[in-house]
Protein chains: 2
Amino acid sequence: MAAQRGEGDGVVTSPEAPADVRERARAIPEAAVARLAVYLRVLSGMVEQGVTTISSEELAGAAGVNSAKLRKDLSYIGSYGTRGVGYDVEVLVSHIERILGLTRKHSVAVVGIGNLGHALANYGGFPSRGFPVAALFDIDPDLTGVPVGGIPVNHIDDITSVCAEREVSIGVIATPPQAAQAVCDRLVSAGVQCILNFAPVVLQVPDYVEVRKVDLAVEMQILSFHVARRADEAAGDVVNGIGVDGVVIRP
Amino acid sequence: MAAQRGEGDGVVTSPEAPADVRERARAIPEAAVARLAVYLRVLSGMVEQGVTTISSEELAGAAGVNSAKLRKDLSYIGSYGTRGVGYDVEVLVSHIERILGLTRKHSVAVVGIGNLGHALANYGGFPSRGFPVAALFDIDPDLTGVPVGGIPVNHIDDITSVCAEREVSIGVIATPPQAAQAVCDRLVSAGVQCILNFAPVVLQVPDYVEVRKVDLAVEMQILSFHVARRADEAAGDVVNGIGVDGVVIRP
DNA sequence: TACCGCTTGTGAACGCTTGCACAAAGTCGG
DNA sequence: CCGACTTTGTGCAAGCGTTCACAAGCGGTA
Ligand SMILES: NC(=O)c1ccc[n+]([C@@H]2O[C@H](COP(=O)([O-])OP(=O)(O)OC[C@H]3O[C@@H](n4cnc5c(N)ncnc54)[C@H](O)[C@@H]3O)[C@@H](O)[C@H]2O)c1
Ligand SMILES: NC(=O)c1ccc[n+]([C@@H]2O[C@H](COP(=O)([O-])OP(=O)(O)OC[C@H]3O[C@@H](n4cnc5c(N)ncnc54)[C@H](O)[C@@H]3O)[C@@H](O)[C@H]2O)c1
């Protein structure tokens, strides 16, 4: 029973630890990993602009974080900056790519080729970043064989063989919520250990499977919470200030 | 200059604080808010199944979290459980909805009606959860006037008037990355204070605007990191492991 | 009414993240 | 070659968020 973000499994810290890149990777906080991916994107843009060197302050600004945090994040992956100068953009890019495992291609399978699945299959941003979409699956027989984004849709029943054959390492679930757990189970038995889930359900997976979820309704509700909080604050301010009248929204 | 998740602004804690729901909302950690949204979804499912009462243990299981965490999260919004029994599902639903501000409708505008924008506009899950899609915008003249998901697309230049007229409170950016900052600026000047951004860029917004980003490439890369870490561990274990036994590779 | 068993709500400890502040380390101009 | 200036890398402290553990409270039962 390890559900989303199941972090707390007691993996033993190996007793003999050569302070090595391998071991270092283990120590990187998940929050830092997410930011590294953002830095990488910003840096890629810099490369295209012909920038060769960048300071922590500049990069932090472009990535929307504190520069101290940025330096700490980079320190997790090693010391590749030059004091007094900054970081060599290309060097940094290659080190982040190495740490994130982007030196290797990760084939992606999308399951559920409906509204969202179509958009994902047609999206050029994945292949270009080292995540080729290698397989598409749906349960609808009318869809099987139809090419979407250049790849023919397979029937969900062929998931095991097709995933194995195409070495799928990441599964994306874009089916209706009712089907998501079943699809997830099939992906897992097909050997997929990383899952990106768009369906609004909490997936149950074995400990060794990594699940990340993208839940738009939750995002919306978080925004809604902030709207409400803000409205309450404004109301509160008015109450503390003058009478009960005001509809003073932001300037 | 406050970028994504700009939390650390020195908002003054109002001097006279009646330990009231309003004030309480301020104290809820963001992480807890996200989980409350998940609990809400699970509970909604429970209501449909006719469940009237649920214990923290059960709900925690269904939501994929620790039961202590769940109770603490619920304690942020007040004490609505019955010791020895559990929580009344409907009561809990209504309290969470109130805290998340879901008693009010939040109109959504989607900008950029391409692959992703179409999927979002056609998605039934938003309206049904209190987030009616009230406006669609694109820069492409061929699209303006064309109805997508029942709503005609407006031209981006009309964003200010249309947003005001339809009381849009949440803006969704689904344009290419190059256009995202400009679109964001226009949404902000149109009075939109909450933005959900799908474009892979770091948006710069004023402090009072709340931005959440959904960055699929980052999600993929986090998964990739775990794949890599796992591979390294396996390699490491074998090297270290021949001597030290602990060869707990994956089952 | 008094007791018992169950579940909540929460104080306190713990651990992870963040942010500060500064020594170390490098560059560059002279 | 030296000294001034810039920027990194990191020890440390503060702040959050998570988890533990248990007293308090409630319903059911005799
Ligand atoms: N469309 C969006 O913008 C959007 C936004 C947020 C969340 N989501 C979520 O993403 C998921 C997909 O949304 P959608 O709008 O694309 O739905 P959709 O109904 O358009 O597409 C679902 C597809 O999944 C297929 N499917 C159903 N059961 C299957 C199974 N067992 N195995 C394989 N394929 C199966 C269907 O044939 C269909 O093609 C849903 O869970 C939805 O809640 C969608
Ligand atoms: N499609 C996906 O599955 C997917 C996945 C992850 C991220 N994204 C991101 O979401 C965004 C949209 O992706 P997409 O595949 O839908 O792209 P798309 O090219 O299909 O659609 C973009 C739309 O935005 C419109 N547009 C361009 N400039 C505009 C402007 N200034 N104002 C208003 N509209 C404008 C275009 O006319 C087009 O209709 C991109 O930033 C992409 O990186 C998409």
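Below, chains carry the letters A, B, ... as their sequence lines are ordered, and counting in each starts from 1.
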**Asked** For dT8(C), does either OP1 or OP2 sit under 4.0 Å from a side-chain N or O belonging to Ser56(B)?
**Response** yes
**Complete:** One should read off an interatomic distance between Lys105(A) NZ and Ser224(B) OG, to the nearest 0.5 angstrom, of 10.5 Å
**Prompt:** Separation of Leu70(B) atom CG from dG17(D) atom P, in whole Å?
**Reply:** 17 Å
**Closest-nucleotide ordering on DNA chain C, the 5'-leading residue of Thr82(A) and Ala32(A)** = Ala32(A)
**Request:** Examine the base of dT7(C) for any acceptor or donor lying under 3.5 Å from a partner atom in the side chain of Arg83(B), and report the outcome as yes or no.
**Result:** no
**Message:** Whether the side chain of Lys72(A) and the base of dG19(C) hold a donor-acceptor pair under 3.5 Å is what I'd like checked.
**Reply:** yes
**Item:** Atom-pair distance (CG on Asp73(B); C1' on dT8(C)), nearest Å
**Value:** 14 Å
**Separation of dG11(C) P from Lys69(B) NZ (nearest whole Å)** = 20 Å
**Asked** Are the side chain of Asn197(B) and the backbone of Val201(B) linked by a donor-acceptor contact shorter than 3.5 Å?
**Response** yes
**Request:** Examine distances only and state if a side-chain atom of Arg229(B) and a backbone atom of Gly101(A) form a donor-acceptor pair shorter than 3.5 Å.
**Result:** no
**Message:** Between Tyr87(A) and dG9(D), is there a contact of a side-chain N or O with OP1 or OP2 at under 4.0 Å?
**Reply:** yes
**Asked** In whole angstroms, how far is the C1' atom of dC22(D) from the CZ atom of Arg71(B)?
**Response** 11 Å
**Message:** Rounded to whole Å, please give me the gap between CD in Glu57(A) and P in dG9(D).
**Reply:** 14 Å
**Distance, rounded to the nearest Å, where Leu74(A) contributes CG and dG19(C) contributes C1'** = 16 Å
**Fill in**
Of dG19(C), dT10(D), dT19(D), the nucleotide closest to the side chain of Ser75(A) is dT10(D)
**Request:** Would you confirm whether Ser55(A), through its side chain, and Glu58(A), through its main-chain N or O, come within 3.5 Å as a donor-acceptor pair?
**Result:** yes
**Message:** Please report the distance, rounded to the nearest Å, between NE2 in His95(B) and C1' in dG9(C).
**Reply:** 15 Å
**Prompt:** Are the charged groups of Glu30(B) and Arg212(B) less than 4.0 angstrom apart, N to O?
**Reply:** yes
**Asked** OP1, OP2 of dT18(C) versus side-chain N and O of Arg35(A): anything below 4.0 Å?
**Response** yes
**Message:** Please confirm whether the shortest side-chain N or O distance from Asn66(A) to OP1 or OP2 of dT17(C) is below 4.0 Å.
**Reply:** no
**Item:** Atom-to-atom span, CD of Glu30(B) to C1' of dG17(D) - whole angstrom
**Value:** 13 Å
